[in-house]
Amino acid sequence: MPFIELNVLNNAADPILGIDLGTTNSLAAIWRDGRPQVLRHEGNDGRVPSALYFPENGDKPIVGQKVREQALVDPRGTVFSIKRFMGRGLADMEGELSSVQFPAKEGEHGLIQFDIRGRLYTPQELSALILMRVHDLACNALGGQHLNRAVITVPAYFDDSQRQATRDAARLAGLQVERIINEPTAASLAYGLDQKKEGTIAVYDLGGGTFDVSILSIEDGVFRVLSTSGDTHLGGDDFDRLLVGLALEDLRSKVDAETARDPAFLQALRLAAERTKMELSSRLEAEYHLVVPESDLRYHREIRRSEFDALAGPLVERTLDACRRAMSDAGLEAKDIDEVVLVGGSTRIPLVRQTVEEFFGRKPHSELNPDEVVALGAAVQGHILAGGTRDILLMDVVSLSLGLETVGGGVDKVILRNSPIPCQATETYTTNVDNQTGIEFNVVQGERELAGDCRSLGKFELEGIPPMPAGMARVAARFQIDANGMLSVTAKEQSTGTTAKIDVEPMHGLTDDEVETMLKASYDNAQDDFDRRRVADLKVEIDRMARATRAHLDEARPKLDPETLEDIDEALTAADAAASVNDPDAIQKVRDELERATLPLAAVLMDEVAKQAVAGKTLEEASE
Ligand code: AMP
């Protein structure tokens, strides 16, 4: 079983919270059960958006998740990115004021203040409101235990005045600050790098709106910042903007100038772009789609990771410029760096990982969740300060992805490689043909796209699904890995509650070398696998479309002209022959042709449905 090393510090007396007070999101973690853990609240990942909304009627400000919704309705009451203003003078901040929708004023010592609905607030006071919310949720997640000691993280480049402002914010929030530590130091602590006798570390932090790179040295457990660089306006939002631009270009003829400026439309487009970007981090191709019912607008295109990479290349290159500056300021070259640590959600982008790896000539640490690693490190520091003792924890992770074979032979990965165990995940499936009463599940392990290239861990069948049309049944498949690495997969049909289950030991009979070989095979075959998977999925789709066409063709035949019927017949013949086509583009053509040829049939059927609806009958009743 592979592992990652973390500091484990045992027997702390009074726990100290670790808080990552971020520009976009904040997060609390604590040392619990022998390791640092993020404090999550019910049904939530634990992150609190660092945002505030001040209602017009003067009611108490709203903090966190709900502010995003409010921003859509009343953007003029919102405060975002307050961290940028901590300990800064009004004169320094001219270009930055748009994230706070209230007038800025000069306060004591030239420091910035905001006039919010008739009351003056310093950035410390606003940050304190965010910290209070984070603290409350953390205490709730701890079952009501009240802890008020905290370690808080700040960027390595924060000066004394910015650090002092952070301390003040925490004090105003009722927290006792045990230490302010640098974010890159926290990330290094989370990976246990303070265990090294000596060495140099590069921490590459690409978040939602900012990029920071820090070069640290470590000597006998003490970190020193050698240099920092970055770009305060470069992050995941810029990657989203590239995709928004692409859609606007495609939609040029369909969207008028007014819609293109409409904040609700732009927000929906931005969210679709972000979804697509994230999907491209785990897949080689994604659907980029958006439906805006109010303006009857539909947008859909497929985008390949390679297309996204081509767009994103210049942004990633800009981060390297900052890395070069940091290296040169530290008087080091890439070869002198011993460890590289990735922080921030945008480091999940494969192009980013690959570019960083090539630049520093070594594989970066990415085993921990990059959104959580700073808070986890703050919790480690909290534990050290609380008097814990040192140990090494071997944290087990899943060495190969686990999933299910899909109809057509593809693999749906349910638990991804490198997920820390214990863990669980659920995917929902449905039936493929009408009146199907059973589903066979093949549990597979590996990184390849087709089940045939993965290791089958076992098969089991769920029976007793009530007969219903294809696609109606809902079957939840839950994967659960316990602390010992045992996997159980349970399938449950939602309407009857019928279940079937299998227990397996995923690593049984697998050596580390075999795992390595399997991983290598997945890299070597990535493009080929992707094409074969696409062909397999298209075959399933063509089969389903052909069956649906045949089921309805006879009833619609009298309403279709001979040319259309001939067209459909030809497309069906090509569909029947598709089973032996293995070229992805050729088979895509067969599918598209079948869709084109059957459009008139769909129109006739829709017409029929509409008529029957008016007559108060369903199509089935009508055709009986
Ligand atoms: P952070 O500020 O560290 O929470 O980073 C948030 C940024 O990470 C946002 O721009 C997200 O869109 C981006 N992000 C989160 N998950 C992914 C992913 N899987 N692929 C690409 N970007 C991601």
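One-based numbering, in listed order, for ligands and for the atoms of each. Side-chain atoms are counted along with the backbone in the values below, which use heavy atoms only and exclude waters and symmetry mates.
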Practice task
Please identify which atoms of ligand 1 are closer than 4.0 Å to at least one heavy atom of Arg348.
Solution key: 15 (C), 16 (N), 17 (C), 18 (C), 19 (N), 20 (N)
Fill in the blank from the handout: Note: ligand 1 atoms sitting under 4.0 Å from heavy atoms of Gly344 are 3 (O)
Handout entry: Shortest reach to atom 6 (C) of ligand 1 by a heavy atom, considering only Gly235, Ser50, Gly208, Pro49
Key = Gly208
Handout entry: Of the listed options Arg47, Lys277, Glu274, closest to atom 4 (O) of ligand 1 (non-hydrogen atoms)
Key = Arg47
Handout entry: ligand 1 contact by Ser346, heavy-atom criterion under 4.0 angstrom
Key =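 Right, Ser346 reaches ligand 1.
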Exercise for the section: Quick one: list whatever passes side-chain contact (heavy atoms from CB on, under 4.5 Å) with Asp92, sequence neighbours left out. Expected result: Arg88
Problem - Phe114 ring center near Phe85 ring center (under 6.0 Å) - result: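 Close enough - the centres of the two rings lie under 6.0 Å apart.
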Practice task
Kindly say whether the aromatic ring centers of Phe308 and Tyr288 come within a distance under 6.0 Å.
Solution key: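 Phe308 vs Tyr288: aromatic centres not under 6.0 Å.
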Exercise for the section: Can you run down the salt bridge (Lys or Arg N to Asp or Glu O under 4.0 Å) pairs that involve residues 354-363, sequence neighbours left out, and say none if there aren't any? Expected result: Glu357-Lys363
Practice task
Please check if any side-chain donor atom of Thr78 sits under 3.5 Å from a side-chain acceptor atom of Gln101, or the reverse.
Solution key: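 There is no such pair (donor and acceptor under 3.5 Å, judged by atom type) between the side chains of Thr78 and Gln101.
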Exercise for the section: State whether the number of non-hydrogen atoms from other residues, nucleotides or ligands found under 6.0 Å of Arg84 atom CZ is greater than 12. Expected result: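 It does: Arg84 CZ has more than 12 such atoms within range.
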Problem - Heavy atom of the protein closest to atom 23 (C) of ligand 1 (residue, atom name, distance) - result: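 Of every protein heavy atom, Gly345 O, 3.3 Å lies nearest to atom 23 (C) of ligand 1.
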Exercise for the section: Look at atom 20 (N) of ligand 1 and say which protein heavy atom is nearest, naming residue and atom and giving the distance to 0.1 Å. Expected result: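 The closest heavy atom on the protein side is Ser281 OG, 2.6 Å.
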